[in-house]
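One structure is given below, encoded as structure tokens.
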Amino acid sequence: MRAVVVENYDRIENIAIKDVAKPDISAGMVRVRIQAAAVGFVDGLKVQGLYQTKDPLPFTPGSEFAGVVDEAASDVSGFAPGTPVLGMVRNGGLAQYVCAPAADLFATPDGIAPEVGASFFANYLTALYALSARAKLRSGETLLVLGAAGGVGIAAVQVGKLLGARVIAAASTEEKRQFATKFGADSSLDYTREGWRDELKELTGGEGADVIFDPVGGELSLQAFRSIAWNGRHLVVGFASGTIPALKFNLPLLKGGALLGVDLAQIGRREPEVRAEVIAQLFTWLSEKTLVPVVGRVFPFERFHEAFAAMATRSALGKMVVRID
Ligand SMILES: NC(=O)c1ccc[n+]([C@@H]2O[C@H](COP(=O)([O-])OP(=O)(O)OC[C@H]3O[C@@H](n4cnc5c(N)ncnc54)[C@H](OP(=O)(O)O)[C@@H]3O)[C@@H](O)[C@H]2O)c1
């Protein structure tokens with residue numbers, strides 16, 4: 001089969017598609033023929049060996065995918081060949097086939113295209129877990145989403161609206177702000193502009209944001225926290241800016257606000273029931289088409305580099321998807 005193979009941690013332009021063996025299935029596993037795979041910011045860091053945990057070499061990047069069942073191990077039931085599925089793995093998505101534990105695969109609801117299925121899991125799970133389980137976002141509260149046109153940002157905009165919040169999308173360009181508005185944001189602001197906090201103050205009637213969804217980090221996070229409402233919750237989701245901010249402890253005291261960490265990688269182990277509830281809610285929304293995941297751009301397999309480049313150059317809108325078959 002053909003797969004993107006990282007033999008040495010390197011820049012994405014130096015990584016190539018290679019012919020490798022089709023993965024063998026072992027007990028509890030299902031082999032999926034991948035139709036579309038999505039890449040996120042983390043995948044770009046992993047390829048370069050810059051992520052906080054390093055994937056042992058060689059590896060195939062890409063953690064989210066949608067496709068059809070090729071073959072299931074004899075101890076697995078419910079995954080007949082040809083069944084459309086979507087799922088998430090640590091890595092291996094940018095390949096024609098991947099093996100995944102049956103427990104980590106989900107039947108793709110009818111009418112969901114592979115590009116949509118591949119764009120669904122990680123970002124929407126992160127957004128709903130963060131907003132509902134961590135921040136306890138209530139209907140009518142104000143949600144400020146930083147990096148609102150990025151993969152996880154646009155998911156937070158949509159999920160925030162579904163939970164009944166008034167969503168303010170913050171992003172760096174007019175195109176990105178319009179993109180967030182198209183997917184439901186009630187208002188938007190340019191957080192690269194001097195004085196953006198005054199605009200936020202006006203938009204929130206002087207109160208500040210009840211919940212801040214923050215996948216960006218850096219100085220921006222510190223400024224945002226200064227604009228949090230009393231009893232506000234600031235969700236620490238990621239550091240796409242490349243800088244981990246250091247918040248002085250007097251600020252939570254003065255603001256009556258809380259800083260809440262979010263780590264998708266740990267919730268299955270630490271809060272399995274909560275994860276199951278969140279996934280069930282997401283699949284209900286997906287089946288009902290209440291939630292239509294945002295597909296940013298779709299690239300052919302041979303041009304997978306461009307999906308990574310779009311994120312690295314801050315030009316991506318929504319999730320970047322690679323069509324495999
Ligand atoms: N905690 C978790 O479980 C979890 C789950 C999913 C993702 N994440 C994290 O969330 C972050 C975003 O991931 P993503 O896949 O949504 O990425 P993405 O699609 O590339 O979006 C990131 C956004 O960050 C903003 N940004 C600001 N400075 C940037 C810079 N120097 N380079 C690139 N983008 C910059 C950009 O918006 P503007 O141009 O509008 O500023 C961009 O749209 C990553 O750090 C990722 O690790 C964490």
Side-chain angles (χ1 to χ4, degrees), residues 12 38-48 50-53 61-64 88 90 93 118-131 133-135 144-159 168-181 183 185 188-193 196 212-221 223-224 234-245 259-271 274-275 278 293-297 306-321:
I12 194 68
V39 292
F41 199 83
V42 166
D43 296 301
L45 297 178
K46 283 183 172 178
V47 166
Q48 299 173 77
L50 298 177
Y51 191 56
Q52 44 209 349
T53 55
S63 53
E64 289 177 86
M88 198 177 153
R90 184 189 162 95
S119 303
F120 174 60
F121 203 71
N123 287 338
Y124 290 86
L125 181 53
T126 303
L128 183 57
Y129 169 75
L131 295 175
R134 300 295 281 153
L144 171 66
V145 180
L146 308 181
V152 75
I154 201 71
V157 168
Q158 288 180 294
V159 168
I168 302 173
S172 64
T173 67
E174 182 56 30
E175 187 190 18
K176 289 185 175 188
R177 292 190 290 276
Q178 281 182 11
F179 185 74
T181 306
F183 288 102
S188 66
L189 56 81
D190 177 1
Y191 61 9
T192 61
R193 204 176 60 81
W196 69 270
I212 300 172
F213 186 91
D214 180 3
V216 178
E219 175 59 27
L220 182 68
S221 303
Q223 292 179 25
H234 186 129
L235 293 159
V236 180
V237 179
F239 311 103
S241 66
T243 307
I244 298 175
L259 210 56
L260 297 172
V262 177
D263 187 3
L264 176 66
Q266 296 193 58
I267 62 172
R269 180 165 48 93
R270 295 189 183 271
E271 296 179 83
V274 176
R275 183 179 186 266
V278 170
V294 178
V295 180
R297 282 179 64 192
E306 294 175 39
F308 286 84
M311 283 180 296
T313 56
R314 206 170 165 175
S315 62
L317 295 175
K319 189 94 185 174
M320 298 297 99
V321 176

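As the structure lists them, so they are numbered: ligands from 1, and atoms in each ligand from 1. Predicted model only: the values in this text are computed from it and were never measured.
The nearest heavy-atom contact from the protein to atom 30 (C) of ligand 1 is Ala240 O, 3.3 Å. Annotation: atom 3 (O) of ligand 1 to nearest protein heavy atom, Leu264 N, 2.8 Å. Atom 34 (N) of ligand 1 has its closest protein heavy atom at Arg314 CG, 3.7 Å. Nearest non-hydrogen protein atom to atom 19 (O) of ligand 1 is Gly151 N, 2.8 Å. Residue, atom and distance of the protein heavy atom nearest to atom 20 (O) of ligand 1 are Phe41 CD1, 3.5 Å. In terms of protein heavy-atom proximity, atom 46 (C) of ligand 1 is closest to Val42 CG2, 3.9 Å. Scanning all protein heavy atoms for the shortest distance to atom 42 (C) of ligand 1 gives Lys176 NZ, 4.1 Å. Ranking protein heavy atoms by distance to atom 10 (O) of ligand 1, first place goes to Pro215 CB, 3.6 Å.
For Arg193, the salt bridge (Lys or Arg N to Asp or Glu O under 4.0 Å) partners two or more places apart in sequence, or in a different chain, are Glu199. Shown here are the side chain to side chain contact (heavy atoms under 4.5 Å, CB included) partners of Thr53, two or more places apart in sequence or in another chain: Tyr51, Arg90.
For ligand 1, the atoms sitting less than 4.0 Å from at least one non-hydrogen atom of Ala171 are 40 (O), numbered in the order shown with element in parentheses. Each of the following atoms of ligand 1 lies closer than 4.0 Å to a heavy atom of Val262: 1 (N), 2 (C), 3 (O). Counting the atoms of ligand 1 from 1 in the order shown, those under 4.0 Å from a heavy atom of Ser172 are 38 (P), 39 (O), 40 (O), 41 (O). Listed by number with element, the atoms of ligand 1 under 4.0 angstrom from any heavy atom of Met311 are 20 (O), 33 (C).
Of the possible polar contacts, one joining the Asp214 side chain to the Gly217 backbone as a donor-acceptor pair under 3.5 Å is found. Checking side-chain atoms of Glu64 against main-chain N and O of Ala38 turns up no donor-acceptor pair under 3.5 Å. Distance alone, capped at 3.5 Å, is enough to place a donor-acceptor pair between the Arg134 side chain and the Gly261 backbone. Of the possible donor and acceptor atoms, one in the side chain of Ser315 sits under 3.5 Å from a partner among the backbone N and O of Ala310.
Heavy atoms only, all atoms of each residue included: Ala148 and Ala169 are closest at CB-CB, 3.5 Å.
Atom CD1 of Ile12 sits about 8.0 Å away from atom CD of Gln48, to the nearest 0.5 Å.
Heavy atoms of other residues, nucleotides or ligands lying less than 6.0 angstrom from CD of Glu306 number more than 12.
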Intermediate values then yes/no, side-chain contact (heavy atoms from CB on, under 4.5 Å), Tyr129 and Glu271
CA-CA 11 Å; Tyr129 169 75; Glu271 296 179 83; 2.4 Å; yes

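Across Ala149, Gly150, Gly296, heavy-atom proximity to atom 21 (O) of ligand 1 is greatest for Gly150.
Remark: ligand 1 and Val152 share an N or O pair separated by less than 3.5 Å (distance only, no angle test). Checked against a 3.5 angstrom limit, the closest N/O atoms of Val237 and ligand 1 fall inside it. In terms of N/O distances under 3.5 Å, ligand 1 is approached by Phe239. Any N or O atom pair closer than 3.5 Å counts here, and Asp263 shares no such pair with ligand 1.
Counting heavy atoms closer than 4.0 Å to ligand 1, residue Thr126 contributes side-chain atoms (C-beta onward) but none from N, CA, C or O.
Taking the six-membered ring where the residue is Trp, Phe179 and Phe183 present perpendicular rings, their angle passing 60° and hence far from 30°.
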